[in-house]
Every structure is written in structure tokens, then in C-alpha cells.
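Remarks on the structure that follows.
In what follows, every chain begins at residue 1, and chains take the letters A, B, ... in the order their sequences are listed.
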Amino acid sequence: MTAAIATSGLVKTFGSTRALDRLDLTVDTGEVHGFLGPNGAGKSTTIRVLLGLLRADSGRVEVLGGDPWHDAVAMHRRMAYVPGDVELWPNLTGGEAIDLLGRLRGGLNKARRAELIERLDLDPTKKGRTYSKGNRQKVAIVAALASDAELLLLDEPTAGLDPLMEVVFQDVINQVKAQGRTVLLSSHILAQVEELADKVSIIRHGEIVQSGTLAEMRHLTRTTIEADTSRPVTGLELMPGVHDLEAADGRVRFAVDGDHLNDAVQALSHFDIRSMTSHPPTLEELMLRHYGEELAAAGNGNGEER
Amino acid sequence: MTATAVREPTRTPTRRSPGNVLAGTGTLIRFILRRDRIKLPAWLLGISLLLFQLATAVSGLTETEEGREDLARFMEGEVSAIMGPGYGRDSISAEVYVAGVYGLFFFVLAALMSMQLVSRHTRVDEQNGRAELVRSTVVGRYAQLTAVLIVAVAANVLLGLMVGGTMTANGFDGGDGLLFGASVGAVGLVFAGITALTVQVTEYARTATGIAGAALGGAWAVRAVGDMIDDYGSPLSWFSPLAWSNQTRSYVDGRWWPLLLSIGLAAAATAAGYALSNRRDVGAGLVASRAGAPVAASWLRSPLAAAFRLQRASLIGWTAALAVFAFMFGAVADQLTDPDGMSENRIDMFGGSVDTLVDGYLGVITLFTAALAGIMAIQGVQAVRQEETKGRAEPVLATATSRWTWLGSYLTVIAIGLVGLLLVAGFASGIGAAASVGDSSYVWEMTSAHLAQVPGVLVLLGTAALLFGVLPRAIGLAWAVVGGSLFVGMFGTLMDIPGWLRNIMPTEYTGQPPLDSIAWQAMVILLVIAAGLAAAGLAAFRRRDLETK
Ligand SMILES: Nc1ncnc2c1ncn2[C@@H]1O[C@H](COP(=O)(O)OP(=O)(O)O)[C@@H](O)[C@H]1O
Ligand SMILES: [Mg+2]
């Protein structure tokens with residue numbers, strides 16, 4: 001597979017703020033890539049550099065095989081963008097704005113436009129100034145998704161949508177994915193990325209701190225195991241990779257590093273398992289490991305990295 | 001704005017104490033003063049300084065008998081009716097001239113100050129959702145409107161005192177100075193009241209100030225026409241709030257009672273504003289926005305078409321306003337056909353020869369119209385800048401639209417708009433002049449004279465484009481150039497403008513047709529300069545980061 005997006009060592013500063021700090025991001029063609037990070041991490045800045053709206057101070061950017069700063073127009077014919085903070089023209093209706101943006105990109109699919117407007121429950125006859133944040137977002141989503149763009153850059157596209165519309169949105173993105181298009185989906189809504197993304201990159205202070213499939217990431221982190229056993233569990237806490245073991249009344253609970261999971265479960269089976277549940281780490285836990293050192297230190301007891 | 005439906009329980013029969021609906025007014029007043037700590041003093045001082053400058057200049061002109069006769073001429077007939085009803089023209093003096101002719105500028109400035117003040121702290125705040133935040137605290141229903149109106153009254157009282165003080169400082173009578181100051185402040189009060197009303201009606205601050213501005217324009221037109229009908233004003237004049245301030249006759253036989261009408265209108269408009277504010281939700285207007293087209297017109301498919309669509313309303317408005325303006329000035333050209341008793345000064349202003357007075361006058365008017373067109377050009381570029389800072393340029397530039405095409409489309413639309421505007425205005429003034437002087441050749445002469453000013457105005461546009469590309473935050477500097485051109489055009493002959501200042505004004509080089517012949521060479525050079533400036537601006541914009549929200 002070729003990379004739809006490849007950046008390396010990307011640096012972007014605004015005065016004294018270092019918004020991007022040697023950012024390396026790779027998004028393969030045809031995948032839905034979750035781009036996770038808290039506010040101010042540099043998600044929007046990255047996307048704007050990918051669009052050639054901002055020029056990186058240093059580093060390499062390649063989008064769809066070209067340089068977005070120099071070949072912006074050629075690239076943009078093949079890309080669609082939903083800004084994080086959508087502003088519309090006060091005296092154009094939502095429908096006019098959708099058509100204008102679509103046509104400026106080189107045409108949009110009328111049937112898909114109608115379908116999206118209907119599914120997202122958008123009134124296209126209202127003037128831009130009367131739309132709420134969520135409805136402005138819907139206008140931008142329709143304009144982007146009704147195009148035939150190969151690469152979609154969506155900057156927190158559902159920040160203003162209600163839960164019902166989020167479900168519709170997920171469905172629509174799954175359709176897009178089925179058509180083989182590439183999506184970069186930035187978000188701080190973890191559940192959504194979890195649902196849609198093949199791969200995830202986590203950005204923090206302008207730097208990608210972790211990237212990979214969700215399975216890989218889970219592998220790198222601890223799984224929590226809870227089990228009822230016939231015989232009291234002993235000696236498990238001495239095994240490598242096992243943490244925070246609590247045992248009482250024939251019930252045991254511990255966390256185990258991904259690469260020691262197999263050994264730990266085998267060892268556990270010697271004590272005659274009657275029932276067992278395991279919890280893979282959620283993205284919240286993944287994020288917490290990178291964002292809340294203090295939180296992580298408090299929550300994970302020993303607070304060691306990885 | 002789903003969260004704005006904070007419906008006040010207006011229909012509850014329980015009587016509330018007034019303290020309740022006004023809670024927080026005092027704090028809000030301090031807050032307004034804090035936010036406007038630069039703007040308001042700048043308005044007040046700026047107006048006073050301009051008055052001082054003009055009063056000094058006019059005092060110099062009235063030292064000789066000839067100068068006085070000359071000024072008196074300017075207060076006669078239809079030309080004068082544009083500025084005022086002409087009280088005191090028989091015994092002209094500097095203060096009579098300042099109050100009677102230049103008074104109009106100060107009325108308009110007071111109105112603009114008040115309109116902006118009131119809309120800034122009412123509808124602009126609501127539109128940006130700030131009002132909602134404030135209203136969710138312990139702030140009464142009427143507190144925001146009351147606070148800004150109290151500040152507006154105080155500002156206009158202060159303005160009146162400062163205007164009166166400035167006149168007195170120039171050595172004019174103190175009592176009449178106060179009356180003139182009160183007349184200026186009264187216009188401010190009227191338009192503060194009218195704006196308090198219009199901001200209730202529309203959801204959109206620009207529409208609200210637009211309606212108030214149209215009311216100001218209408219008030220001027222009614223008074224101008226009314227004063228043309230009859231010496232010292234006709235009954236029609238009295239339908240205009242601007243007339244009431246003129247009718248105080250300061251420095252002639254001053255009377256205070258016409259200002260009662262102003263206060264009455266201000267109070268009535270304000271009361272209507274309060275009543276309407278009671279009938280609507282925070283953030284909403286009285287007039288719900290109408291539904292529009294669900295799909296874009298088929299021609300709206302290129303960056304150029306988009307730029308035209310977004311500038312269209314402003315282009316049409318400017319063209320219509322300047323056409324009316326140019327027609328009126330053209331229509332009074334016959335006033336200049338008789339040079340008897342005209343002073344050297346005045347003849348100098350209109351070209352220096354008694355034989356070409358009409359052409360000279362029309363040349364000055366043409367230059368003035370061109371400078372006003374410059375305002376439109378710069379406003380246009382500022383609107384483009386707003387597209388960028390408000391985040392609307394971002395999605396467009398993320399389509400297959402290059403920076404060059406995007407900005408270039410806007411500049412093209414504004415440039416073509418300027419040509420159209422000057423063409424229409426020139427034609428209108430030509431018709432007016434041809435009808436009043438009885439010489440149909442003026443139609444063509446005035447049209448071509450206006451078109452000859454196009455290159456100079458395009459240089460202004462190019463300057464704004466360059467600033468947009470290189471120093472977008474400093475785009476306001478372009479106002480200095482257009483303001484300078486306007487000032488030189490309007491007061492140039494009254495005051496000594498230094499040569500270097502004249503020389504940097506692009507409108508200085510195209511001459512003043514129809515008096516002068518059209519300066520083809522200068523036009524070509526200016527066009528090249530304008531194109532160079534615009535190209536530099538485009539190139540710089542291509543190189544810089546887009547400013548995002
Ligand atoms: N135009 C700008 N000028 C100055 N600082 C900026 C600008 N744009 C972004 N930043 C800063 O860069 C950092 C990253 O911002 P952003 O990319 O918007 O983060 P995110 O989208 O992840 O919330 C923040 O600290 C932000 O304040
Ligand atoms: Mg962001």
C-alpha cells in the first residue's frame with residue numbers, strides 16, 4: 001500500500017508557540033486513520049499544513065504523492081476538508097454554500113448531496129447566519145462527502161453534532177471507507193475513532209507519541225483480568241509483566257502487559273478457572289498514559305512508563 | 001443558536017420592581033467604558049480637532065471683505081442647500097459659516113459615533129453570543145440597552161460641550177457655541193435612539209446599522225431637497241431630524257426649541273426599542289430570516305462568480321448612493337455660471353479662470369466622487385480580509401481554488417465594480433450638469449472625466465491589496481491614503497496642504513477633467529503602478545500563511 005499522507009520531522013511555530021514539533025505521520029491509502037489528541041495538541045495545525053494553508057517551517061510533507069504547499073490546487077481536486085470551526089457566509093443559504101464549495105472543487109454528486117442532506121436532517125434553505133454550530137458543521141460535512149475526493153481531512157467533524165447525528169455520521173464514514181477512500185479523522189471523541197478507525201495516531205504537544213492499529217496499541221498496554229478460581233491463586237504476582245494483583249475469597253484481579261498475557265493466563269489456569277473476564281484497555285486509558293502523567297502515576301500505582 | 005431560546009416570562013402578570021429589570025446596569029456601564037476606553041475618546045477628540053482646524057481655516061478666510069462675500073455666495077442657492085438652509089448669509093462671519101455649512105459634517109459624525117456605539121454593545125454582542133453570557137448572570141432584561149444608552153447620552157452631552165468649547169476657544173460667542181454643540185449632540189441622540197430601535201428588528205448587526213445609516217441618508221436627502229425648495233428651509237425640511245439642528249440658527253438668532261423635537265424623537269425611538277426588546281428572545285430578531293434557495297444558482301460556480309456574489313450588495317449600494325450624490329452636485333452646476341463678485345480664492349479653487357468656472361467646479365466634484373469610490377475599494381479589500389479572519393476563506397482555499405485565483409477574483413470584481421461605479425456616477429452627474437447648464441455635451445464630458453479617475457482609484461485598490469498580502473493586520477493604513485485624498489479634495493483649497501502630501505495622493509496625477517484635458521500618460525503610468533501593487537500583493541499572499549481562527 002502506498003501512503004496517502006506522509007510527513008516526517010514536520011515543525012511549525014507560531015511566534016514562541018511550537019505547534020508542531022517534528023511530527024511524523026503516515027496514513028496509508030484506503031484506511032480510516034484516527035488522529036487523536038487533546039485541545040491544542042496540533043491536530044488542526046497538522047491538517048492545515050496537509051492542505052497547504054500553512055507552510056511548515058521545516059520537515060517533509062507529502063500528500064497524495066505531491067507537495068501540498070506547491071501543488072495545492074492539483075491536490076485539492078482530490079481532497080475534501082471539513083474545518084474544525086465551520087464559518088458560513090451570512091447571506092448565502094446552506095445549500096448555496098454546499099454547491100459553491102463543491103463546484104469550486106470540481107463538481108459534486110447530486111444524488112449523494114440529496115441523500116446526505118436528508119440523512120443529516122439539514123435544512124438547506126436557511127441563511128448561513130441562522131445556522132447553529134452543529135448545522136454549520138453539517139453543511140461542511142455534506143459539501144465534503146458529496147464530492148468524489150479520494151482523501152478526506154475531517155477536523156473534529158462531529159464536535160457540534162448530537163448523538164443521533166453522530167451515528168448517522170459513522171454510518172456515512174463506513175460507506176466512504178467501503179468505497180476505498182482515505183480518511184484522516186481528527187477527534188478527541190475516543191469512542192468514535194474506536195468505532196471507525198483502522199489505525200490511530202496520538203498527538204501530544206505537536207508530536208506523534210504513538211501510532212498503529214488499535215490491536216497493536218492494545219498489545220502494548222495492559223489487559224485487566226478478573227477471575228474466580230477453585231484454588232487460591234499464589235505466586236502469580238512474581239511473574240514478569242503482572243501488576244496490581246489483588247486476591248481475596250477465591251477471586252483475583254490483576255493487570256498484565258500485552259506480551260505476557262499468554263504466560264499469565266496459562267499460569268492462572270493451574271488454579272482451575274471457574275469464570276474469567278478480561279478488559280482490553282480503552283482509548284481513554286491509552287490517552288491517559290500519554291497525557292496525564294500525574295493521573296497515570298496516581299492510577300497505575302508504580303507509574304512506570306510502558 | 002439553539003441555546004438562545006431564553007424566553008423571558010414577559011407575559012406573567014406579576015409586577016416587578018424596576019430594579020429587577022435594570023439589575024447590573026451600573027456594572028455594565030463601567031464595562032462599556034472599559035471596552036471603549038480608546039474608541040470613545042478618539043471619536044470625541046477627533047471631532048473636536050477637526051472642528052478646531054476648520055474653524056481656524058475659515059477665520060482666516062473671513063479676514064477680508066472679499067473673502068466674506070465669497071463665503072456668502074457659497075451659502076446661497078441650491079449648492080448651499082446640500083449643506084444647510086443658509087441662515088445668516090446676509091451678515092456672514094466665520095462662525096456662521098462653520099455652523100451653517102460645515103455643521104452637517106459634525107451632525108453626521110455625531111450620528112455615526114452614536115450608531116456604532118449602540119450597535120456595538122447591543123446587537124454585535126448578541127450576534128457573537130456574548131450578550132447571552134452576560135444575561136445569564138444577575139443582569140436585568142433592560143440592563144444592557146439601558147447601560148449603552150446612558151453611555152450614549154453622556155457621550156453626546158460631552159460632545160456638545162466639547163464642540164461648544166472648541167468654538168468658544170476659537171473666539172466665537174460662548175452661548176451660541178453651546179447651542180451649536182447641543183445641536184450636534186442632539187443629532188447623536190436621535191441616531192442613538194434610532195439604532196436602539198433598529199438593533200431590535202434584525203438579527204444581524206450590519207443590517208441594523210445599515211438601516212440606521214439609511215435613515216441618516218434619508219434625513220439628509222429630505223433636508224437637502226426641502227432646503228432647495230425654499231430659502232431657509234421649507235415645511236418638507238422639518239421632516240428631517242438634521243433640519244431641527246440646523247433650525248437652532250446658532251450664531252444668527254439662536255433658539256433652543258427645535259431641539260425639543262430631536263429629544264422627542266430620540267425618546268420615542270428609544271421607547272419603541274425597549275418595547276420591541278421585550279417581545280423577542282435574546283439573540284433573535286423581530287423579523288425572522290426568510291428561507292432562501294436550497295441550491296446555488298447555476299452561474300455560481302467559479303471563484304470570480306463567488307467573489308461577485310459576495311460583493312454584489314455592497315457594489316450596488318455604493319453605485320446607487322454615489323449616482324444620486326453625483327447627480328445632485330451636477331444638477332447645481334448652473335450656480336457657477338455667473339462669476340460676478342466671486343473671490344479670487346473661489347475662482348482659484350475652480351481652476352483660476354472665470355471662463356471655465358463650471359468645468360472647474362465639476363472637476364472638483366469628480367475628484368471628490370473618485371475619492372469616495374476609493375472608500376468602496378478599501379472596504380472591499382477589508383471584506384476580503386474578513387473572509388480570511390472569520391475562517392470563511394479556509395474551506396474555499398481547501399478546494400481547487402488557488403490563492404492567486406481567490407484574491408485575484410476579488411480584486412477583479414472590485415476593480416470592475418469601480419469602473420462601473422464611476423461610469424454610472426459620471427453619467428448621472430453629466431445628466432445633472434447638462435440639464436442645469438443646458439449643454440448636452442456635459443453628459444459625455446463628465447462620464448469620461450469620471451473614467452479618467454479610474455487609474456488613481458485603482459492605485460488605492462492596489463495599495464490595499466499589497467497591504468493584504470504583506471502586512472494584513474495593517475490593512476487599515478490604506479484608509480490614510482483614501483482619507484488623505486478625500487481631505488485634499490474637500491478642504492485642499494481651504495487649507496495649506498503640504499506639497500509632499502499632495503504628491504503621494506494618486507488622485508493628484510490624473511488632473512481634474514473636464515477642466516483639464518485627460519492625462520493619458522499619467523493614466524497609463526498609474527495603471528501600471530496599480531497592476532504592480534496588486535501583483536506584489538498577490539505574490540506576497542501566495543507566500544504567507546493563511547490566517548485561521
Ligand atoms: N494562527 C495561530 N497563531 C498562534 N498560535 C496558534 C495558531 N494556530 C494554532 N496555534 C497554537 O498552536 C497549538 C496547536 O493548535 P491546534 O493545531 O489548533 O490544536 P488542536 O487542533 O489539536 O486543538 C495551540 O497551542 C495553539 O494555540
Ligand atoms: Mg483543532
*Are A:Leu92 and B:Leu310 close enough, and set up right, to give a side chain to side chain contact (heavy atoms under 4.5 Å, CB included), and what steps lead you there?*
CA-CA 9 Å; A:Leu92 294 193; B:Leu310 296 171; 4.2 Å; yes

_What part of A:Asp85 gets within 4.5 angstrom of chain B, counting heavy atoms only: side chain, backbone, both, or neither?_
side chain

_Does any backbone or side-chain atom of B:Ala297 lie under 4.5 Å from a heavy atom of chain A? Answer side chain, backbone, both or neither._
backbone

*Go through the atoms of A:Leu88 and report whether side chain, backbone, both or neither lie under 4.5 Å from a heavy atom of chain B.*
backbone

*Grab the two heavy atoms, one from A:Glu96 and one from B:Val295, that are nearest each other, plus how far apart they are.*
CG-O, 3.9 Å

*Side chain / backbone / both / neither for B:Ser402 at chain A, heavy atoms under 4.5 Å*: both

*Go through the steps to decide whether B:Arg309 and A:Leu100 satisfy the test side chain to side chain contact (heavy atoms under 4.5 Å, CB included), and finish with yes or no.*
CA-CA 11 Å; B:Arg309 175 67 179 78; A:Leu100 177 62; over 6 Å; no

*Between B:Glu547 and chain A, which part of the residue has a heavy atom less than 4.5 Å away: side chain, backbone, both or neither?*
neither

*Over all atoms of both residues, closest heavy-atom pair of B:Thr399 and A:His76*: O-ND1, 2.9 Å

*A:Arg48, A:Lys12, A:Arg55 screened by salt bridge (Lys or Arg N to Asp or Glu O under 4.0 Å) with B:Asp545, the one that passes*: A:Lys12

*asked:* What verdict does the side chain to side chain contact (heavy atoms under 4.5 Å, CB included) test give for B:Leu397 and A:Leu53, after you've listed the backbone C-alpha separation in whole Å, the side-chain angles of each residue and the deciding distance to 0.1 Å?
replied: CA-CA 7 Å; B:Leu397 289 171; A:Leu53 296 172; 3.6 Å; yes

*Output the option from A:Gly95, A:Gly106, A:Ala144 having the highest count of non-hydrogen pairs under 4.5 Å with chain B.*
A:Gly95

_Between B:Arg542 and chain A, with a heavy-atom cut-off of 4.5 Å, which part of the residue counts as in contact: side chain, backbone, both or neither?_
both

*Most contacts with chain B, counted as non-hydrogen pairs under 4.5 angstrom, among A:Leu51, A:Leu101, A:Leu153*: A:Leu101

*Side chain, backbone, both or neither: which part of A:Lys110 has a heavy atom under 4.5 Å from chain B?*
neither

*Atom CZ of B:Arg543: over 12 foreign heavy atoms under 6.0 Å*: no

*Compare all side-chain heavy atoms of B:Val396 with those of A:Leu104 and state whether any distance is below 4.5 angstrom.*
yes

_Counting only heavy atoms from other residues, nucleotides and ligands, does the tally under 6.0 Å from CD of A:Glu118 exceed 12?_
no

